[in-house]
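Here is the structure we will look at.
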Number of protein chains: 2
Amino acid sequence: MVSIKDVAKKANVSISSVSNALNGRANVSEETRKRIVEIAKEMNYYPNTMARNLKVKRTKTVALCFSEFDRNFYFQIIKGINDCVVHNGYDLIICAHHSIEKFLRNGFIDGAMVLDKNVSDELILSAVSDELPIVVLDRELEGKNIYSVVVDNYRAMRDLVNELIVKGYTRFSYVSGVEHTQDNIERYEGMKDTLNEKGIEFISKNYYHGDFTEKSGYQSAKLMIISKNIPEVVICANDNMAIGVIKAFKESDIRIPEDVSVIGFDDIELANYLEPHLTTISTPKYEWGMYAATILFRILVEHEESIIPNKIQANIRWRQTSR
Amino acid sequence: MVSIKDVAKKANVSISSVSNALNGRANVSEETRKRIVEIAKEMNYYPNTMARNLKVKRTKTVALCFSEFDRNFYFQIIKGINDCVVHNGYDLIICAHHSIEKFLRNGFIDGAMVLDKNVSDELILSAVSDELPIVVLDRELEGKNIYSVVVDNYRAMRDLVNELIVKGYTRFSYVSGVEHTQDNIERYEGMKDTLNEKGIEFISKNYYHGDFTEKSGYQSAKLMIISKNIPEVVICANDNMAIGVIKAFKESDIRIPEDVSVIGFDDIELANYLEPHLTTISTPKYEWGMYAATILFRILVEHEESIIPNKIQANIRWRQTSR
DNA sequence: TTGTAAGCGTTATCAT
DNA sequence: ATGATAACGCTTACAA
């Protein structure tokens with residue numbers, strides 16, 4: 001690996017002149033600057049980032065902690081993040097939760113985003129600092145230099161249920177995601193509260209325990225069928241479970257939406273390709289990522305303080321699985 | 001940021017003792033070792049990776065260059081890569097083509113993988129070295145310390161066409177991907193050569209110019225319909241175009257597979273959810289990534305030389321869009 | 001305009 | 001067993 005020393009030797013100047021020349025500083029004659037640049041290029045010299053970062057404190061790199069490569073739901077979020085990062089002239093590295101400590105602790109990054117449930121709150125709270133603001137997308141977390149950018153599940157669900165009631169639906173079932181997750185709780189509460197307000201009681205036998213997987217949706221619907229407890233509409237805590245629900249109903253020749261409506265949450269790519277197309281709540285993934293990164297840069301480059309991020313608003317996509 | 005110096009001061013020892021203690025070296029008494037470890041923990045000390053890497057040459061980090069966050073086809077590949085990297089005790093960073101130079105040039109990584117057409121061959125060839133082996137997944141590239149792990153498109157297509165001929169198909173159409181891409185060329189050649197061998201001439205009016213997008217598949221099928229040139233089977237250079245083709249046929253009430261069969265390539269997630277389920281060629285994505293990373297580690301940790309990677313074999317998934 | 005030298009946070013060599 | 005000290009490759013005051 002060719003170092004600044006090698007370039008200096010070949011150019012017959014001191015290393016500081018090389019540094020100055022290459023960093024476009026004024027204190028070097030145009031003539032030598034040219035020569036140095038040329039020699040550097042011809043020697044294929046690139047400054048060692050680590051050595052540089054050891055000196056200057058800014059690295060112009062931010063990290064995204066992410067490891068759920070199974071769920072392609074996330075990739076539009078990442079795209080949004082990436083576009084914003086590039087636009088700000090920074091570099092993005094994505095690393096899995098296994099590696100995040102390595103990057104969080106050591107001044108290699110100027111800021112971070114977290115989209116990985118495997119990372120504990122404690123880790124985040126212990127890593128965050130004035131020199132390392134963190135934006136989290138997968139939880140709500142309070143603290144100095146920490147910013148949460150999450151979807152407003154509760155409100156989206158309220159909007160949905162209100163509209164369903166207007167359409168005349170009264171008998172609801174709910175297929176839950178993993179019980180203790182914030183997403184699931186907010187989505188469920190949104191539904192329940194709205195029903196209650198409208199004088200519709202939600203009884204617990206219409207609550208089915210899922211875990212966000214297609215399979216758990218399938219099994220929940222099977223249960224409805226066996227127990228002859230088919231509602232007018234089944235609201236699923238996410239699309240994957242809705243897909244499972246639909247599959248089970250289809251197998252029993254229960255028509256959608258004539259016999260029962262099915263509604264998901266997330267608006268994954270599949271939702272619009274299924275037969276029938278899935279009515280769901282669309283979280284604007286690209287904008288979500290973009291906004292999260294924007295928040296980070298408002299701190300990083302604008303040095304804004306006391307930002308309170310807005311929640312991301314999700315919207316209903318009426319399609320064919322509902323009337 | 002607390003440094004080794006701070007720990008040394010607080011523990012009343014020299015920095016070398018701290019370093020030795022924390023790195024589990026023998027030349028430090030058990031007693032002081034314990035004290036130092038304790039103090040380090042209580043001070044929340046983590047060694048600065050960059051400073052360390054400046055000294056020792058191994059970073060135990062590899063990079064994946066990737067930026068097509070639009071095509072979720074890729075994510076299982078990344079998962080395979082990530083699992084292998086973690087299994088070897090390394091860290092993975094994923095960075096987009098914009099940033100790759102920064103990491104390729106500066107000794108921050110021990111090795112790299114490339115899955116990004118935006119990276120030029122020249123860049124790869126100029127960055128590769130004994131200290132930085134590179135595995136490419138998206139092209140075939142020759143050179144010292146460069147290894148290509150690609151899918152055997154040609155063979156898969158030969159297998160497919162041979163079986164189709166056995167099934168009695170004789171009238172083929174082909175919807176191409178972006179013309180000059182290796183994937184497209186190999187897939188097309190595989191089809192054409194096999195047909196020729198079996199005495200079936202492939203005429204150019206049955207070749208439709210697509211670009212791997214659903215839309216281009218849709219338009220190609222529209223063209224077939226308008227020109228009343230519907231074959232027995234249309235082979236698409238990827239699944240997305242097959243989806244477009246199917247959509248167009250459906251709109252014209254052309255039945256699949258009764259009137260025409262449609263076959264894709266890739267086996268994206270959608271393929272198995274479409275109605276009818278798409279017959280396609282499945283590239284084992286997880287294994288592909290896993291294998292590519294494995295090659296890298298055979299060089300990195302086993303110091304193997306002169307490895308000639310096998311091509312990844314793809315397999316036909318007979319489903320409902322073909323007879 | 002140019003060069004010298006200190007320092008960033010480590011590890012490693014060599015005295016002690 | 002412990003501690004100075006050089007070195008990694010760079011930036012940056014400061015001196016020349």
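Here is how names work: the chains are called A, B, and so on, in the same order as the sequence lines, proteins then strands, and each is numbered from 1.
- Counting non-hydrogen atoms under 4.0 angstrom, Ala26(B) reaches the backbone sugars and phosphates but no base.
- Each of dG3(C), dA4(D), dT1(C) was ranked by its minimum atom distance to the side chain of Ser14(B); first place goes to dA4(D).
- As rounded to whole Å, 11 Å separates atom C1' of dT1(C) from atom CD1 of Ile36(A).
- Put simply, the side chain of Trp288(A) never gets that close to the backbone of Gly80(A): no donor and acceptor are under 3.5 Å apart.
- Between the OH atom of Tyr45(A) and the C1' atom of dC10(D) there is a distance of 7 Å, given to the nearest Å.
- Across all strands, Asn53(A) comes closer than 4.0 Å to no nucleic acid atom at all (heavy-atom distances).
- Straight-line distance from the CG atom of Asn48(B) to the P atom of dG9(C): 7 Å, rounded to whole Å.
- Looking at heavy-atom distances under 4.0 Å, Thr32(A) makes contact with sugar-phosphate atoms alone, never a base.
- Phe108(B) has its CZ atom 16 Å from the P atom of dG9(D), to the nearest Å.
- Under 3.5 Å, the side chains of Glu269(B) and Asn72(B) contain no donor-acceptor pair of N or O atoms.
- Taking atom CG of residue Leu22(B) and atom P of nucleotide dT2(D), one finds them 14 Å apart after rounding to whole Å.
- For a distance-only test at 3.5 Å, the side chain of Ser16(A) qualifies as a donor-acceptor partner of the base of dT4(C).
- In the set dT11(C), dT2(C), dG3(D), the nucleotide with an atom closest to the side chain of Ser17(B) is dG3(D).
- At whole-Å resolution of the value, CZ in Arg58(B) and P in dT11(C) are 17 Å apart.
- Whole-Å rounding puts the Lys34(A) NZ to dT1(C) P distance at 14 Å.
- Between Phe75(A) and Tyr74(B), the gap from one ring centroid to the other reaches at least 6.0 Å.
- Nucleic acid contact for Asn20(A): base, since at least one base atom lies under 4.0 Å from a heavy atom of the residue.
- What separates CD1 of Ile4(B) from P of dT5(D) is a distance of 17 Å, to the nearest Å.
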